[in-house]
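Counting begins at 1 with the first residue of the sequence. Below, each value reflects all heavy atoms present in this structure, side chains not excepted, and no hydrogens, waters or symmetry copies.
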Amino acid sequence: MKKYEHIFKDLEAKISKEIYAIDDFLPTEIELSHEYQVSRDTIRKALSLLAKAGLVKKMQGRGTQVIKHHHILFPISELTSYKELVTYFNMDSKTNVIAIDKLIVDQAMSKFTGFPVHSFIWRITRQRLVDGVASVLDIDYLDKGLVPTISRELAEKSLYEYLEKDLHLDIAFALKEITIDQINDRDKILLDLGSDQHVVSVKSKVYLANNNQFQFTESRHKLEKFKFVDFAKRKSK
């Protein structure tokens, strides 16, 4: 790990422990360079990573200020749309639709998504910004037979609202797989990762009430931005 990455991790830990609380200003670049015995350029690189992580912002003429940072409680056992999470937690969020593609499923994609070979699907790639930081990358695959049309406008809003209210699909349940994955080239381009080398990947096969799969989703999350939670109840003996 490079020097600026060590400094980033140390400052990140101090912010997490509220040694530097929200609205506090960090020491100046000169003070930090003396504290860590490095050049100001190294300090600037560390502060840049903190800014990309959504932990601080540069205030012209005042220095670097710690800002409010969300940890979103992401419910694993519930089928909750991203828009519903944004509304519930009152998040400062924006969705960028990167691409909408129409694909024919081949063997490799069938194994990955669960859709039959030769079927037609949509692939929708969306970048989610939280507090101005690219924190989530959602890649949705939808059965084109059940979802004949899709637009950028609909994808920017809520897919589930469109699927349930307009197409009247009876969405019932999902099978989810959660892993810690190495970052890939797409993550590097579309997520503000700083020095992170891993993301949290949540893969979901989503089914209708008739047990037909209509969706496969992979959501790739910045490690520190989201907290995944579940409610566990002990079975009665």
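Looking only at atom types and distance, the side chain of R128 has a donor-acceptor partner in the side chain of T95 under 3.5 Å away. At a cut-off of 3.5 Å, with distance as the only test, a side-chain donor of E218 or S201 sits close to an acceptor on the other residue. D24 and Q65 share no side-chain donor-acceptor pair at under 3.5 Å. Side-chain atoms of D41 and S39 include no donor-acceptor pair closer than 3.5 Å.
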Determine whether Q215 and Y141 satisfy the following criterion, side-chain contact (heavy atoms from CB on, under 4.5 Å), listing intermediate values before the conclusion.
CA-CA 6 Å; Q215 179 185 23; Y141 302 81; over 6 Å; no
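Cluster partners of I104, using a side-chain heavy-atom cutoff of under 4.5 Å among ILVMFWY residues and allowing indirect links, are F120.
Here K9 pairs with D196 in a salt bridge; the nearest charged N to carboxylate O distance falls below 4.0 Å. Salt-bridge annotation for K111 and D106: absent, with no side-chain N of the basic residue lying under 4.0 Å from a carboxylate O of the acidic one. A salt bridge links D140 and R126; the closest N-O separation between the charged side-chain nitrogens and carboxylate oxygens is under 4.0 Å. Ionic pairing of E12 and K14 is not present here: no N-O contact between side-chain nitrogen and carboxylate oxygen is shorter than 4.0 angstrom.
One finds the CZ atom of F8 at 14.5 Å from the NZ atom of K2 (value rounded to the nearest 0.5 Å). Taking CZ of R123 as the start and CG of D101 as the end, the distance is 4.5 Å to the nearest 0.5 Å.
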